[in-house]
Amino acid sequence: MRRWLPGLLLVSPSIILIAVFVYGLLGWNFKLAMTDKHDEIAEIPGDFVGLENFTSIWSDERWGLSVRHSIVFTVVFVGGALVLGWLLAFLMEKGIRAESGFRAVYLFPMAVSFIATGVVWRWLMNSATGDHAVGLNRLFHYLGVDFLQWQWFRDGDWGMAAMAIPAVWQMSGYIMALFLAGFRGVPEELREAARVDGCGEWGVYRHVVLPMLRPVTLSALIILGHISLKVFDLVVAVSGKQIITDVPATYMWTAVYDSHDPAKGATIASYIVLSVVVFVVPYLIWDARKGKRS
Amino acid sequence: MRRRWMAAVAVSVAGLLTLSACGGGDKQESGGGQAAQKKVEVFSWWTGPGEADGLKAMRDIFAKQNPDFEFFDAAVAGGSGDQARALLSSKLQANQPPDTFQGHAGAELQGYIKSGKLESVNFLYDELKLKEVFPQQLIDQISVQGQVYSVPVNIHRSNVLWFNPSVLKDAGVDGAPKTVEEFITDLEKVKKTGKIPLSIGSQWTLVHLLESVLLGSLGTDAYNALWTAGADWSNANVTKALENFKTILSYAGTPQDDWQPAAKQVADGEAAFNIMGDWAYGYFHNPPQGGLGKESHKDFDWAASPGTDGTFMWLSDSFTLPKGAPNRDGAIAWLKVAASKEGQDAFNPLKGSIPARKDADQSLYKDYLSWSLEQWSGSKLAGSIQHGVVANDAWRTAITDAVGLFQQDKDVAKFQQALVAAAKNSGQ
């Protein structure tokens with residue numbers, strides 16, 4: 001009996017399902033994106049137009065805006081969660097009482113869905129100022145720092161930075177856990193060796209611990225990056241479908257369900273997939289190389 | 001070796017069984033009702049206070065008249081039906097329609113009609129002599145090539161100016177402004193008192209505001225002409241209307257989360273004016289739990305939105321007969337209730353709208369509703385943009401996009417270009 005057959009049989013249902021429902025549908029989506037089926041109603045399949053949809057969408061003002069929003073959101077969210085997660089892990093690593101309790105507290109937001117987070121933060125980030133302020137603006141009012149009040153996600157230029165705050169709140173605990181594992185993974189002997197060689201405590205971090213955190217940082221970057229590029233639920237929960245907080249995923253929703261334009265929706269979906277691929281592929285290459293080396 | 005084989009087979013079979021079990025479950029559920037009463041799936045987005053009560057009142061009538069059918073409420077929550085319509089559109093695409101569904105009468109349904117998803121209900125209009133009881137203009141606007149595809153159950157008014165009398169008094173404004181120019185003067189007066197001149201909500205409430213400003217600036221005939229073939233969106237009158245829109249927007253307060261908080265600013269005396277459809281009346285007037293418990297003409301008051309007196313900008317909820325409805329007879333039975341005088345008189349006072357039928361019992365409609373009923377019979381008609389009467393989904397979405405972008409850059413010329421392009425690309 002061949003040895004590989006039982007194993008293959010065991011995983012074949014999931015291979016088939018993934019092949020059909022993930023890669024098959026991805027392929028179908030790309031195919032749809034390259035047709036001129038701009039009307040859901042017409043029962044015609046649409047003609048092949050190549051990459052026309054992919055280029056013409058850039059002349060669409062709303063698309064440019066949603067890409068810009070997505071970039072602002074990604075920079076603030078990924079940067080914020082990495083820095084905050086790292087800082088929390090660093091503090092924990094320095095030895096703290098009741099560490100497991102703190103760990104649970106910081107990790108907990110991850111258990112909440114983006115929808116629930118969004119509903120709470122919509123209130124916290126209410127844009128009313130002055131006497132009518134609620135949420136955070138009200139808090140600033142009480143604290144006597146009224147100058148901090150702002151429009152939050154309704155701010156035309158930096159609104160998406162505000163939108164990233166709940167996401168940072170939600171994910172930084174998880175990043176902390178990743179970094180903490182990374183810190184713990186640095187063997188004590190290495191640190192000792194560095195100290196013996198005359199390294200100060202800062203030097204130990206600079207030359208020994210931080211370089212060893214690189215793989216963790218990369219994983220964190222990829223996890224955060226792909227969440228950020230396809231964010232939808234948080235945005236919809238906080239502000240609904242408004243252009244001022246438009247991101248590619250909400251634009252895709254509008255294109256498919258409101259304008260009934262399947263080809264345009266598929267084009268946006270393709271761009272979202274491609275942008276995630278840009279994040280993930282370098283990681284896979286790096287991972288494969290590392291596997292070969294070891 | 002043999003044991004590993006067995007395990008593998010067992011797991012694969014278990015997997016297949018689970019899959020097929022999921023498939024089988026659905027069928028059982030939908031077929032199970034046949035033994036006793038046949039289910040009638042009625043799809044709507046009426047889940048809020050008032051509207052759900054109205055639906056229940058109609059449902060009771062339906063149950064009394066049709067002991068053979070069981071009413072199945074397939075309502076999907078969400079303001080103005082956004083979520084519901086997305087689900088509905090995928091159900092229709094997959095040719096699995098509900099027995100009957102709610103839609104805004106007019107252009108919104110045209111997509112479904114053109115793709116052949118709806119059955120004409122002309123036979124029902126003939127049988128029940130509905131053409132005699134619904135206003136001719138309404139029938140014209142919901143017909144496609146002589147065929148009627150829906151049964152309107154109510155009429156809402158979109159162009160209503162809500163205001164706070166005491167805020168106006170403090171600002172030295174006597175009564176509601178009659179024209180757009182007067183409105184702008186009054187907004188300026190209110191601004192000087194430090195109150196919010198005009199309250200607004202999320203992006204769609206601006207589209208709602210835009211339709212009233214367009215109607216008020218252009219006049220009824222020019223407004224209606226915008227929705228006919230070859231309409232001219234690039235002319236100077238439209239530019240002037242959009243300039244008005246820009247000026248009016250400059251008096252707007254901070255955008256609120258939705259229309260309710262914006263309306264509440266007027267009720268609370270924080271803001272002077274708000275332009276919103278007449279569902280706001282129920283919100284102002286209904287007792288706490290769902291409403292604000294305010295007194296009409298004292299805490300809040302209303303008038304036609306500036307420049308639109310004598311014109312009723314309408315929208316209407318209506319029910320349809322999808323092709324391939326699993327229970328066609330049940331759906332027709334429901335449509336008959338929705339079209340009947342009894343059904344409409346049970347539904348509308350609770351929902352806070354007026355009946356589409358001309359012969360309804362007028363004594364049931366009080367306060368705002370009696371004003372609305374009187375206006376409905378004596379006014380010219382114009383259709384709402386935001387609520388799906390004059391523009392199909394693609395066109396409306398393009399207008400919404402243009403308004404959203406305009407909200408940020410306030411560039412009238414660009415705004416008008418976007419509207420011209422929207423009209424051209426609408427395919428309507």
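A, B, ... follow the sequence lines: proteins, then strands. Residue 1 opens every chain. Keep in mind that the numbers below use all heavy atoms, side chains included, and drop hydrogens, waters and symmetry copies.
Here CZ of A:R122 is found 5.5 Å from CG of B:D257. Values are rounded to the nearest 0.5 Å. Interatomic distance, CG of B:D401 versus CD of A:E61, reported as 9.5 Å (0.5 Å rounding). Rounding to the nearest 0.5 Å places OH of A:Y257 at 8.5 Å from CG of B:L87.
A donor-acceptor pair is defined here as one N or O able to donate and one able to accept, closer than 3.5 Å; such a pair exists between the side chain of B:Q203 and the backbone of A:I243. Checked by atom type and distance alone, the side chain of A:R154 pairs as donor or acceptor with a backbone atom of B:Q256 at under 3.5 Å.
B:T254 and A:S127 get closest at one heavy-atom pair: CG2-OG, 3.2 Å. Among all heavy-atom pairs drawn from A:S259 and B:T397, the shortest one is OG-CG2, 3.3 Å.
Residue B:Q96 qualifies as open at atom CD: its count of foreign heavy atoms under 6.0 Å is 12 or below. No more than 12 heavy-atom neighbours from other residues, nucleotides or ligands sit within 6.0 angstrom of OH on A:Y142. Around the NZ atom of B:K264, the shell of radius 6.0 Å holds no more than 12 heavy atoms that belong to other residues, nucleotides or ligands. Heavy-atom contacts from other residues, nucleotides or ligands closer than 6.0 Å to NZ of B:K91 number more than 12.
Heavy-atom pairs under 4.5 Å with chain B were tallied for A:Q151, A:K241, A:R62; the largest tally goes to A:R62.
With a 4.5 angstrom heavy-atom cutoff, B:S89 touches chain A only via side-chain atoms. Of the two parts of B:Q265, neither the backbone nor the side chain holds a non-hydrogen atom closer than 4.5 Å to a non-hydrogen atom of chain A. Interface remark: A:L65 contributes side-chain atoms only to the contact with chain B (heavy atom separation under 4.5 Å).
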In a table with atom names and distances, give each donor-acceptor pair under 3.5 Å that connects a side chain of residues 403-410 of chain B to protein atoms at least two apart or in another chain.
unit_1: B:D409; atom_1: OD1; unit_2: B:D411; atom_2: N; d: 3.1
unit_1: B:D409; atom_1: OD2; unit_2: B:K414; atom_2: NZ; d: 2.3
unit_1: B:K410; atom_1: NZ; unit_2: B:Q407; atom_2: O; d: 3.1

